Amino acid sequence: MSSLTHTPAAELAPPAPRFAPWWKHAAEALVWLSLLAVVAMWLAGGGLSGLTDLGAAITSLGRLTALVAANLMLLQVLLLARIPAVERSFGQDELVRSHRQLGFASFTLMVAHVGLILLGYAGARLDRLLPVAIEVALDLPGMLLAVAGTACLVMVVVTSVRRTRAALRYESWHLLHLYAYLGVFLALPHQLWTGADFLASPAATAYWWTVWLAAAGSVLVWRVILPLVLSRRHDLRVQAVHDDGDGVHTVVLTGRHLARLRVAAGQFFTWRFLDGPGWTRGHPYSLSAAPDGRTLAVSVAAVGDGSARVATLRPGTRVLIEGPYGRMHPGVRRRTKVALIAAGIGIAPMKALIEALEVAPGELSVLHRVSCRGGLPLQAKVAAAVQARGGRLRLLPGPRRAEASSWLPQGWAPGSDADALRYLLPDVAERDVYVCGPPQWLDLVVDALAQAGVPQEQIHQERFAW
Ligand SMILES: Cc1cc2nc3c(=O)[nH]c(=O)nc-3n(C[C@H](O)[C@H](O)[C@H](O)COP(=O)(O)OP(=O)(O)OC[C@H]3O[C@@H](n4cnc5c(N)ncnc54)[C@H](O)[C@@H]3O)c2cc1C
């Protein structure tokens, strides 16, 4: 890697985030081990005995689906508890994707569990299903709570199906999504009071309590306590708000001990500006300037109520932060040459990266896809930063293609996206490529990068919506 000279405010720059590639393998191994453990508990609890009776066999299968579903649900909670090692190993994109997949898988298994257990209790007779369901719900301890929990989870899953979700405001969807925690916790009593597998052996009881407490504790520690501690320690306040034109405002923040805040260019925080009612809604914004130990800056494009409010922030406004998050930072770099590809306001973290990456003249290339409607966010600042690093900036202006199957604008010469990429960046396969923008556009860029021969581990991405 280049040993280049320019490192802004080097003495004050905060320490880089820690990242060890083996964390990811360890986390994946733990997931598989936990699944093996629950299957082993089911077997040890007589899962395969007495299967000559159809009702008993169906009940046993119902127990297995319950164990796997409960395990996956708790893993899901752990995945999004913002545990730093997990976050840094997988990145938000992958975590959100896995959370979604695990969510649908655990929900399907939970529905199967309900159906199988009731059918098993009914001796495999469909005509007995309804009376048995009523009896189970009313007579077994903790079961009414479990029914309420199931109702919460059904609501969360229905509102997370893509079409329903698209019809909801983000805030409404997010608020409804929080009922998943309630659903998972309402299911606990019936597991404790009626779940034979939960209490089958001291090892099984210890396992389930460990996973439950780890999930609840992680949420409490990393999503509530640590953000509050961090916000208190750094006492962040708005210093100034600059109008950058094109509906973009840059908020500059000051605080205490910022040199000790372990954050890197390209990362983001969830921000809560304490400027009045509505402050509880956090918004993720990436740093748009390399952290220098004295100030932080975010550049925000107004797209809705929350982002538009940024323009009216007053100096002195207190700010709560959660983070830092994200794997799109200089620490993940592998090659000497770098390409940054952004769409619209996705250029904000790229500006911070341009300032922070150590590159020799000619090693940095920036492609910025801009629509006609969105203007040229942060253009002057980005152009100046690229010039200062001896890099090359190429704008890709114009409206989207009608078929929306290309990351390039209308009017771009025919040929595949990968060909265009090779034309724009002939040595793209030898570069680390940082990509940032809206999800659908980003997926098209990542596909083109793969086709152009860029290895997966050289592609670092941040989606501006989940
Ligand atoms: C990791 C990440 C980094 C981002 N960095 C920047 C940045 O540096 N500059 C910038 O201008 N924008 C950034 N965004 C986008 C920004 O968070 C949204 O534009 C903003 O939250 C919109 O809120 P709103 O109330 O104005 O609009 P709304 O109309 O409420 O939301 C518009 C869309 O923004 C997304 N969104 C809204 N709130 C959230 C939330 N709390 N979490 C995740 N997505 C949300 C949803 O997809 C929603 O459909 C980033 C997004 C993500 C996920």
Side-chain angles (χ1 to χ4, degrees), residues 80 82 87-88 90-97 99-100 159-160 162-178 223 227 241-253 263-273 275 277-291 296-313 320-329 340 342-353 368 370 374-375 377-378 381-382 434-442 460-466:
L80 284 198
R82 302 276 162 94
E87 222 279 333
R88 277 181 218 139
F90 292 87
Q92 275 300 307
D93 286 355
E94 202 173 330
L95 286 180
V96 170
R97 226 183 356 261
H99 173 80
R100 198 178 155 82
T159 53
S160 295
R162 281 188 211 284
R163 197 178 296 178
T164 339
R165 186 180 163 178
L168 287 170
R169 274 172 61 86
Y170 179 86
E171 286 88 357
S172 318
W173 170 80
H174 190 247
L175 202 65
L176 291 174
H177 209 72
L178 295 180
R223 299 214 68 168
V241 180
H242 305 295
D243 185 348
D244 282 309
D246 297 308
V248 177
H249 286 81
T250 294
V251 185
V252 182
L253 304 114
V263 59
Q267 290 195 294
F268 70 95
F269 289 94
T270 296
W271 304 83
R272 289 184 173 81
F273 298 102
D275 60 343
W279 67 266
T280 47
R281 267 176 247 134
H283 292 274
Y285 298 125
S286 310
L287 296 186
S288 61
L296 298 175
V298 289
S299 298
V300 178
V303 297
D305 298 347
S307 46
R309 253 168 96 149
V310 159
T312 61
L313 287 173
L320 302 182
I321 48 170
E322 234 186 278
Y325 304 123
R327 292 196 56 215
M328 198 183 70
H329 56 74
L340 310 181
I345 192 63
I347 198 70
M350 299 306 189
K351 179 179 161 286
L353 282 171
H368 190 190
V370 281
L378 301 174
K381 290 180 177 176
V382 170
Y434 292 76
V435 195
C436 184
Q440 298 82 354
W441 174 87
L442 192 141
H460 319 291
Q461 45 181 299
E462 196 67 82
R463 278 152 214 269
F464 268 14
W466 296 318

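One-based numbering, in listed order, for ligands and for the atoms of each. All of these numbers come straight from a predicted model, not from anything done at the bench.
- Distances shorter than 4.0 angstrom occur between a heavy atom of D305 and an atom of ligand 1.
- Heavy-atom proximity to G282, at under 4.0 Å, picks out these atoms of ligand 1: 41 (N).
- Residue Y325 forms a ring-ring contact (aromatic ring centres under 6.0 Å, His included) with just one option from F268, F90, Y285, F269, and that option is F268.
- Between S299 and ligand 1, a contact under 3.5 Å exists for at least one N or O pair.
- Using modelled atom types, one side-chain atom of R272 and one backbone atom of T280 make a donor-acceptor pair closer than 3.5 Å.
- For ligand 1, none of its N or O atoms has an N or O atom of R169 under 3.5 Å away.
- With sequence neighbours excluded, the residues that form a salt bridge (charged side-chain N to carboxylate O under 4.0 Å, His left out) with R223 are E322.
- Where the criterion is an N or O separation shorter than 3.5 Å, residue side chain and backbone included, A301 meets it with respect to ligand 1.
- Within the 3.5 Å criterion, the main-chain N or O of V303 finds a donor-acceptor partner in the side chain of S307.
- Residue-to-ligand polar distances keep I345 apart from ligand 1: every N/O pair is separated by 3.5 Å or more.
- Annotation: salt bridge (charged side-chain N to carboxylate O under 4.0 Å, His left out) contacts involving residues 298-310, sequence neighbours excluded, comprise R169-D305, D275-R309.
- Short contacts between ligand 1 and F268, defined as distances under 4.0 Å to a heavy atom of the residue, involve ligand atoms 1 (C).
- Pairing each heavy atom of I345 with each of F464, the nearest pair is O-CE2, 3.5 Å.
- The N/O atoms of A465, backbone and side chain alike, include none that comes under 3.5 Å of an N/O atom in ligand 1.
- Heavy-atom proximity to atom 49 (O) of ligand 1, evaluated over Y170, Y325, Y285, is greatest for Y170.
- Proximity annotation for atom 4 (C) of ligand 1: of W271, W173, F269, F464, F464 comes nearest, heavy atoms only.
- A donor-acceptor pair is defined here as one N or O able to donate and one able to accept, closer than 3.5 Å; such a pair exists between the side chain of Q267 and the backbone of G326.
- Counting heavy atoms only, P284 comes closest to atom 50 (C) of ligand 1 of the residues G344, A308, P284.
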Quick one: do V300 and H283 satisfy side chain to side chain contact (heavy atoms under 4.5 Å, CB included)? Show the steps, please.
CA-CA 10 Å; V300 178; H283 292 274; over 6 Å; no
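- Each of the atoms 1 (C), 2 (C), 52 (C), 53 (C) of ligand 1 lies under 4.0 Å from some heavy atom of R463.
- Among L253, L320, V310, the single residue meeting the side chain to side chain contact (heavy atoms under 4.5 Å, CB included) criterion with W271 is L253.
- Of all atoms in ligand 1, listed by their number and element, those nearer than 4.0 Å to a heavy atom of S286 are 3 (C), 4 (C), 5 (N), 6 (C), 7 (C), 8 (O).
- Any N or O atom pair closer than 3.5 Å counts here, and A348 shares no such pair with ligand 1.
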